[in-house]
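Notes follow the structure.
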Amino acid sequence: MHCMTSAEPFAAARPGLGADVPERPALEGLEAKWSQRWRDQGTYDFVRPDSRAEVFSIDTPPPTVSGSLHVGHVFSYTHTDLVARYQRMRGKRVFYPMGWDDNGLPTERRVQNYYGVRCDATLAYDPAFEPPARPDPKRPISISRANFIELCLRLTATDERAFEDLWRQLGLSVDWRTLYSTISPEAATVAQRAFLRNLARGEAYLSHAPTLWDVSFGTAVAQAELVDRDYPGFYHRIGFHRPDGSLLHVETTRPELVVSVCALIAHPSDERYQPLFGSTVRSPVFGVEVPVLAHHKAEPDKGAGIAMCCTFGDLTDVQWWRELNLPTRTVVTRDGRLQAETPDWLADPAPYAELAGKTTYSARQAMVELLRQSGDLDGEPTPTMRKANFYEKGDKPLEIVASRQWYIANGGRDQALKAALLARGEELAWVPEYMKHRYDDWVAGVSGDWLVSRQRFFGVPFPIWYALDDQGEPDFDHPIRPDESALPVDPMRDPAPGFDPAQRDQPGGFTADQDVMDTWATSSLTPQIACGWERDQELFDLTFPMDLAPQAHDIIRTWLFSRVVRSHLEHGCAPWARAALSGFVVDPDRKKMSKSLGNVVVPSDTLDRFGSDAVRWRAAMARPGTDSPFDERQMKVGRRLATKILNASKFILGFPGLDPAGWSLEQVAEPVDQAMLASLKTVVEQATAAFEAFEYTDALETAERFFWTFCDDYVELVKDRAYGGRGPAAAQSAQAALGLALGVLLRLFAPICPFVTEEAWSWFQTGSIHLASWPQPDEVDPGSVTAEVLEQASAALIAIRGAKSQAKASMKAEVADIVFRGPAASLEALRLVQADLKAVAHLVGDFSWVEAEGGLDASVELAPVEAAPPARTD
RNA sequence: GGGCGCAUAGCUCAGUUGGUAGAGCGAUUCCCUUACAAGGAAUAGGUCACGGGUUCAAGUCCUGUUGCGCCCACCA
């Protein structure tokens, strides 16, 4: 529609104000027009005030840029924006940064597929390298770590531009000057600094221990990243040999781990096995002597009631291994295969040749064959569907391998710290409140410290080196750390302090820690990154601890918890005052949207077709914490509201000779005009209270309910008068009331529908509506007047319309008589507005008034069509 | 197995401190009406999942049951 082609962004023309109002207002083009204007004018720039109290700061979730945004993201980011816009209009300086979570595995995987490459850390950097024009992900080209990281940066830059475009189209009022990314040098500095301080305080430590391991990504995985999935397998009933030659049967889904068996374990109270506790049996095929032990974690009703404890089949094995001091007999290596060398604990090592070097899957087949040959397989394997742990981004079950990893204390092994972290959860305000239970449950159940190291490439490196002894063996007990002033460092590029680069990997020299931090280890510091911790003290003092942490409810155990951990350890406080949890957008069958299900709704299409204001309206209708099904028809409702806002504004601003300067409460003299303002005043109070409680849905519903009644009833009622049908003074009262109401309504809707409200605002106001002040009740306070007159008039109008509708007549059909029956007070109210009612009803006769008990009743008699006088001349 | 949440009109959801069941969508019947036909008006539609209890009064409070969703645990 491009109604405003003038060069002046805010034409302040008055009284020729009608010139700015388009003939046919339309939604198309508003996003492009206003997002550009907001960008050019820095509408949402954070301007530093003098005191912390004037700031509202938001810890925006940095989206994973290698993934794609779906309509659920659009909803939850809109929820945050609603609050940001409200707070800004309340006069707060809103610190609303955006970040990109671009480091980590998702990016690596995307780069591998996109460019057809894989990282080989042993290769040297090739400055001339260019990715193939026609990538073949099935035959990846090996490139150096530095080349790989270059490609990661290149691809994320492209992705990030697309994300930014989408957020701008949606109208997020973020300050794009404060954009950060988790792989940036600034973020790396924060991550390394925080880690070094954790290390200095003893909160971070290196430990060689059994670790959950993803064999396809070749990296350790943290507890918070586990998901369990169904995984098909077979029960194998196999016999262990008692000294007397009889067999003790166990059932296992992982017979290949017989080579690693350390004990058989049953419940202490299990009478079947009590006689065996303390005795030993010999494993089938390999003849290893293992004890039969008791432990309460064994479950009598599972399998044969006695479990094979191997190092390591699952997390229970790890617990048994620790608590029962069992030997370590690991054979599964980091690539998911059984080790090539024959283990030294086997009494009969020969059969191991059948397993050596095979994947666990192939080794399982081979082991079944060995068991069959030795006669230790009882019956045939029976199929079962079992649950197995997976890395949430992986597609093979996790193995448990022993490896050296970095951990950060998170209360999993320290009850005092756990209690302190639970107390931090108590300090937070939760929206909605019941989400706090999820935090409590997760923290209470954390069972080990936080594993933060990953054997990957595109991440923040640990700022650590190790001295090498004369044999070239690293001294892991005394990691070498840089000075904080040297950050960020890349130990694989930079030499250890006090060493010469030539001493790298030489006996007596140093070697780099090869690992990178997990993405969460960096994103756990988003408050510190965004607020300028140790980089911009003034900013940090103004913004930290932050006011609001918005996120979806699936992320409480990861991002939310990890930020509480880091803030507690570093600053001794919670990182924010309030946590707000958004629900998901689910598909119409209430299934979570996911790529694998193929039910993801791409947001750009929805935004293009319905307009951002409509989609935002729908998002605002989803209450905090509540999942809502995706339904396009709902978007149409929002679109209709947006259109209505434009049209109503156009109408109110369209009276000839209109002068907004004359819109004052003193001008509003007619009782029904005052009654409308009285009603609106209540709406302002309720919407404000709702926003203060972060209940944006209630704020919207309150404003919207009023707005539709305002359009349907009040505007219709006063239309004739506002055009001058009853003289200039009566017209001025209506126009002033309409204008005051418009100014308030546009601001009430501004957080929800920023584009149409800005557009309409620009037709009669200077400056952005988003920097205007949130409406105050006293702006529309008509004194002691109540809304009674308008309510009675609405009831009368509905009765009149109903009569015409029932008679299948046009709304402008003429009415012969209207008889009102009702209590004296109602009739009195209606008499005050009878002139307006007469006009809107097209009443040619007169009203009759009959006092009666009960509610108001109107009987309407239409004028006979054939007898109707000619329509009024126009 | 534990925790949390949900169950109200065909659909999506409101329902304040207990006091005559609400909205929108959809359906139906209409209306070219000079802000809006990509619109507007009106009408119909509900044993508030089920069983107990408290109360003068329960959609609302207590309790039990069933079903659904999410999170966690277990996965021999």
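Every value quoted in this text rests on a predicted model; they were computed, and no experiment measured them. The sequence lines fix the lettering, A, B, ..., with proteins before strands; numbering per chain opens at 1.
For Met811(A), taking side-chain heavy atoms from C-beta onward, the closest of the listed nucleotides A35(B), A76(B), U33(B) is U33(B). When distances are taken from the side chain of Arg639(A) to each of A38(B), G24(B), U29(B), the shortest belongs to A38(B). When distances run from any side-chain atom of Arg801(A) to the nucleotides G40(B), A35(B), A41(B), the shortest one goes to A41(B). Checked against C36(B), A41(B), G26(B), the side chain of Arg633(A) finds its nearest nucleotide in G26(B). Each of G24(B), A35(B), C74(B) was ranked by its minimum atom distance to the side chain of Val637(A); first place goes to G24(B). The nucleotide whose nearest atom lies closest to any side-chain atom of His437(A) is, among C4(B), A35(B), C70(B), C4(B).
The phosphate of A76(B) has neither OP1 nor OP2 within less than 4.0 Å of any side-chain N or O from Lys302(A). Between Arg438(A) and C71(B) there is no side-chain N or O to OP1 or OP2 distance below 4.0 Å. Considering only side-chain N and O atoms, Tyr434(A) lies nowhere under 4.0 angstrom from the phosphate OP1 or OP2 of C71(B). For U33(B), the OP1/OP2 oxygens have a side-chain nitrogen or oxygen of Lys812(A) closer than 4.0 Å. Under 4.0 angstrom from either OP1 or OP2 of C25(B) there lies at least one side-chain N or O belonging to Arg640(A). Phosphate proximity of G15(B) to Arg623(A): absent, as no side-chain N or O sits under 4.0 Å from OP1 or OP2. Phosphate proximity of A76(B) to Thr253(A): present, with a side-chain N or O under 4.0 Å from OP1 or OP2. In terms of phosphate contacts, Lys719(A) brings a side-chain nitrogen or oxygen within less than 4.0 Å of OP1 or OP2 of A35(B).
Taking atom CG on Asn647(A) and atom P on A38(B), their separation rounds to 12 Å, with Å as the unit. Between the C1' atom of A41(B) and the CD1 atom of Ile798(A) lies a distance of 10 Å, rounded to the nearest Å. Residue Arg272(A) contributes atom CZ, which lies 17 Å from atom P of A76(B) at whole-angstrom precision. Rounded to a whole Å, the CG atom of Asn389(A) is 10 Å from the C1' atom of C74(B). Whole-Å rounding puts the Glu225(A) CD to C72(B) P distance at 13 Å. If you measure from atom NZ of Lys644(A) to atom P of G39(B), you get 10 Å, rounded to the nearest angstrom. Whole-Å rounding puts the Gln634(A) CD to G24(B) C1' distance at 8 Å. In this structure, the CZ atom of Arg557(A) is 14 Å from the P atom of C70(B), given to the nearest Å.
Taking atom C1' on both A7(B) and G51(B), the two are 16 Å apart, rounded to the nearest angstrom. Across the P atoms, U54(B) and C62(B) are found 15 Å apart, a figure rounded to whole Å. U65(B) and C6(B) have their C1' atoms separated by 16 Å, with the value rounded to a whole Å. Remark: the separation of the P atoms in A23(B) and A42(B) is 12 Å, to the nearest Å. Between A27(B) and C11(B), the two P atoms lie 15 Å apart (nearest whole Å). Nucleotides G59(B) and U16(B) are separated by 14 Å at their C1' atoms, to the nearest Å. Rounded to the nearest Å, the gap between the P atom of A44(B) and that of G1(B) is 49 Å. Spacing of C1' atoms, G18(B) relative to C61(B), comes out at 8 Å, to the nearest Å.
The base-pairing partner of A73(B), taking Watson-Crick or G-U wobble contacts with both distances under 3.5 Å, does not exist among the strands shown. Nucleotide G19(B) is matched to C56(B) when pairs are restricted to Watson-Crick or G-U wobble geometry with both distances under 3.5 angstrom. Pairing for G5(B) is with C68(B), a Watson-Crick or G-U wobble pair whose two hydrogen-bonding atom distances lie under 3.5 Å. Applying the Watson-Crick and G-U wobble criteria (two distances, each under 3.5 Å), C30(B) pairs with G40(B).
Contacts of Trp708(A) with the nucleic acid, taken as non-hydrogen atoms under 4.0 Å apart, involve only primed sugar atoms and P, OP1 or OP2. In this structure, Glu716(A) reaches the bases: a heavy-atom distance under 4.0 Å links it to at least one base atom across the strands shown. Counting non-hydrogen atoms under 4.0 angstrom, Ile306(A) reaches a base of the nucleic acid. Counting any heavy atom pair closer than 4.0 Å across all strands shown, Tyr439(A) reaches no nucleic acid atom. Contact annotation for Asp698(A): no contact, since no heavy-atom pair falls under 4.0 Å across all strands.
Note on ring orientation: taking the six-membered ring where Trp is involved, the planes of Phe651(A) and Phe655(A) are perpendicular (angle over 60°, cut-offs 30° and 60°).
By the 4.0 Å N-to-carboxylate-O rule, Asp314(A) lies too far from Arg386(A) to be salt-bridged with it. No salt bridge links Glu323(A) with Lys297(A); every basic N to acidic carboxylate O contact stays at or beyond 4.0 Å. Salt bridge annotation for Arg639(A)-Glu28(A): present, with a cationic side-chain nitrogen under 4.0 angstrom from a carboxylate oxygen. Electrostatic pairing of Arg801(A) and Asp712(A) does not count as a salt bridge here, judged by no charged N lying under 4.0 Å from a carboxylate O. Salt-bridge annotation for Glu704(A) and Lys644(A): absent, with no side-chain N of the basic residue lying under 4.0 Å from a carboxylate O of the acidic one.
For Asp631(A) against C11(B), a side-chain-to-base donor-acceptor contact under 3.5 Å is absent.
Across the interface with RNA chain B, nearest-nucleotide mapping of Ser628(A) and Asp554(A) shows Ser628(A) to be the residue nearer the 5′ end. Projected onto RNA chain B by closest heavy-atom contact, Ser810(A) and Arg618(A) fall at different nucleotides, the more 5' of which corresponds to Arg618(A).
Taking the six-membered ring for Trp, Tyr439(A) and Trp430(A) have ring centres closer than 6.0 Å. Between Phe584(A) and Phe75(A), the distance from one ring center to the other does not fall under 6.0 angstrom.
Other residues, nucleotides and ligands contribute over 12 non-hydrogen atoms within 6.0 Å of the CD atom of Glu426(A).
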